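One structure is given below, encoded as structure tokens.
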Amino acid sequence: MILDERTEFCDALALNTGAAGTYLLGDQVDLGKANNVGTGDYDEFVITVDTTATSGGAATAEFQLVSDAQAAIAVDGSATVHWTSGPIPVAQLVAGATLARVKLPKGFNYERYLGVLQKTGTAAFTAGKINAFITPASAGWNAFESNTGY
């Protein structure tokens, strides 16, 4: 899989362990002026679990790919949401799990800075790390043996 530091949001970044709320994770990608996102070489958004998550209760995490006019992307609901995972229970946040591998929504409705938000449910996390990045869609490509033997 091809990873580019400039399109990487999180690299083994600890989940936010604060109370229920919305948190900005890791780095942001500066898209510059209005870009037609989702049509170039890097057009797939991926989130994986690096270290198994734990919590003091039945925690859930929801991840969102968002954009905003400022690098400190707003967590008050005013950022433009391009994709959301829906709530994921702590039991599914195990090391090696792929939480998302989705095509970036195409279009010009992206604001200048692209980033990832974590929305924590009722219980706080006590541990866990994730990776989040944009990569070429070919990252999911696999070579298979020919059924003709060649």
Side-chain angles (χ1 to χ4, degrees), residues 1-56 59-142:
M1 183 176 310
I2 297 173
L3 293 178
D4 180 343
E5 181 65 30
R6 293 174 298 176
T7 60
E8 186 175 51
F9 302 106
C10 307
D11 182 10
L13 181 76
L15 291 170
N16 192 293
T17 56
T22 303
Y23 303 95
L24 177 60
L25 297 179
D27 298 324
Q28 294 73 50
V29 173
D30 185 351
L31 299 174
K33 295 181 180 177
N35 285 302
N36 188 5
V37 175
T39 59
D41 293 333
Y42 287 78
D43 64 352
E44 193 169 78
F45 175 59
V46 180
I47 302 175
T48 61
V49 179
D50 186 81
T51 304
T52 299
T54 59
S55 73
T60 62
E62 180 175 333
F63 300 98
Q64 295 181 328
L65 178 67
V66 299
S67 64
D68 203 347
Q70 58 191 10
I73 294 175
V75 296
D76 63 0
S78 63
T80 303
V81 178
H82 302 285
W83 177 86
T84 185
S85 68
I88 302 170
V90 66
Q92 293 180 11
L93 300 173
V94 296
T98 299
L99 304 178
R101 175 174 256 152
V102 296
K103 287 277 201 187
L104 288 175
K106 294 180 182 181
F108 288 98
N109 63 335
Y110 287 79
E111 297 183 66
R112 180 169 178 170
Y113 296 95
L114 192 62
V116 177
L117 298 181
Q118 171 193 334
K119 294 178 84 173
T120 301
T122 56
F125 286 93
T126 55
K129 295 180 181 179
I130 65 161
N131 306 303
F133 51 90
I134 299 171
T135 189
S138 61
W141 179 86
N142 289 313

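The shown structure was predicted, so the numbers you read here are calculated from the model rather than taken from an experiment. The analysis underlying the following values was restricted to heavy atoms, covering all of them including side chains, and did not include hydrogens, waters or symmetry mates.
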How far does CZ of Phe133 sit from CG of Asp27, to the nearest 0.5 angstrom?
-> 14.0 Å
Between Gly18 and Ala124, the two heavy atoms sitting closest are O-CB, 3.4 Å
Under 4.5 Å between any side-chain heavy atoms of Tyr110 and Thr80, yes or no?
-> no
Which heavy atom in Ser67 sits nearest to a heavy atom in Asn109, and how many Å separate them?
-> OG-O, 4.4 Å
Quick one: does Gln92's side chain get under 4.5 Å of Val49's, heavy atoms only?
-> no
For Phe125 and Val90 the tightest heavy-atom approach is CE2-CG2, 3.9 Å
Inter- and intrachain pairs under side chain to side chain donor-acceptor pair (under 3.5 Å), touching residues 120-134, at least two apart = Thr48-Asn131, Thr54-Thr126, Gln118-Thr120
CG-OG1 distance between Asp76 and Thr22, expressed to the nearest 0.5 angstrom | 9.0 Å
In Å and rounded to the nearest 0.5 Å, what is the CD to OG1 distance from Glu62 to Thr84?
-> 3.5 Å
Of all the heavy-atom pairs spanning Pro89 and Thr60, show the shortest one and how long it is.
-> CA-CG2, 4.1 Å
Which of parallel (below 30°), tilted (30 to 60°) and perpendicular (above 60°) describes Phe45 and Trp83?
-> perpendicular
Positive for side chain to side chain contact (heavy atoms under 4.5 Å, CB included) with Ile47, one of Leu65, Thr98, Leu99 = Leu99
Distance in Å, Gln28 CD paired with Arg112 CZ, rounded so as to fall on 0.5 Å steps = 12.5 Å
Over all atoms of both residues, closest heavy-atom pair of Ala79 and Asp68 = CB-OD2, 4.3 Å
Hey, does the side chain of Thr52 reach the backbone of Ala95 with a donor-acceptor pair shorter than 3.5 angstrom?
-> yes
State, to 0.1 Å, how close Ala127 and Leu15 come at their nearest heavy-atom pair, and which atoms those are.
-> O-CD1, 4.2 Å
Taking atom OH of Tyr113 and atom CG of Asp30, what is their separation to the nearest 0.5 Å?
-> 4.5 Å
Would you indicate whether the side-chain heavy atoms of Phe9 and Ile134 approach each other to under 4.5 Å?
-> yes
To the nearest 0.5 Å, how far apart are CD1 in Ile130 and CG in Asp50?
-> 9.5 Å
